[in-house]
Amino acid sequence: MKKSRIILLAVSLIVSLCAIVGVIMYMSRSRIITPEMALLLLIALLGFYIGFAVLILAYRFVHRLQ
């Protein structure tokens, strides 16, 4: 992969994460959801991002073995 494509991918992932965190924080501040629920959503979101990163890395590792 080209270096510019990797940078674009990383920036888009960071922007999407920040956008979702912003929406969750907005919902918490405007009392649509409780602060506890917002914390739970943020932890789940972080878990999703870490979990999918591990899956992608495992896929790339197995793909290189073949």
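Only a predicted model underlies this, so the values are computations on that prediction, with no experimental measurement involved.
- Considering CD1 of Ile24 and CD1 of Ile32, their distance stands at 12.0 Å, rounded to 0.5 Å.
- Taken to the nearest 0.5 Å, the CE atom of Met25 stands 12.0 Å off from the SG atom of Cys18.
- For Ser12 (side chain) and Leu8 (main-chain N/O), a donor-acceptor pair under 3.5 Å exists by modelled atom type.
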Donor-acceptor list for residues 37-54 side chains, cut-off 3.5 Å, not counting sequence neighbours:
unit_1: Tyr49; atom_1: OH; unit_2: Ser16; atom_2: OG; d: 2.9

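- In this structure, CD1 in Ile7 is found 13.0 Å from NZ in Lys2, a value given to the nearest 0.5 Å.
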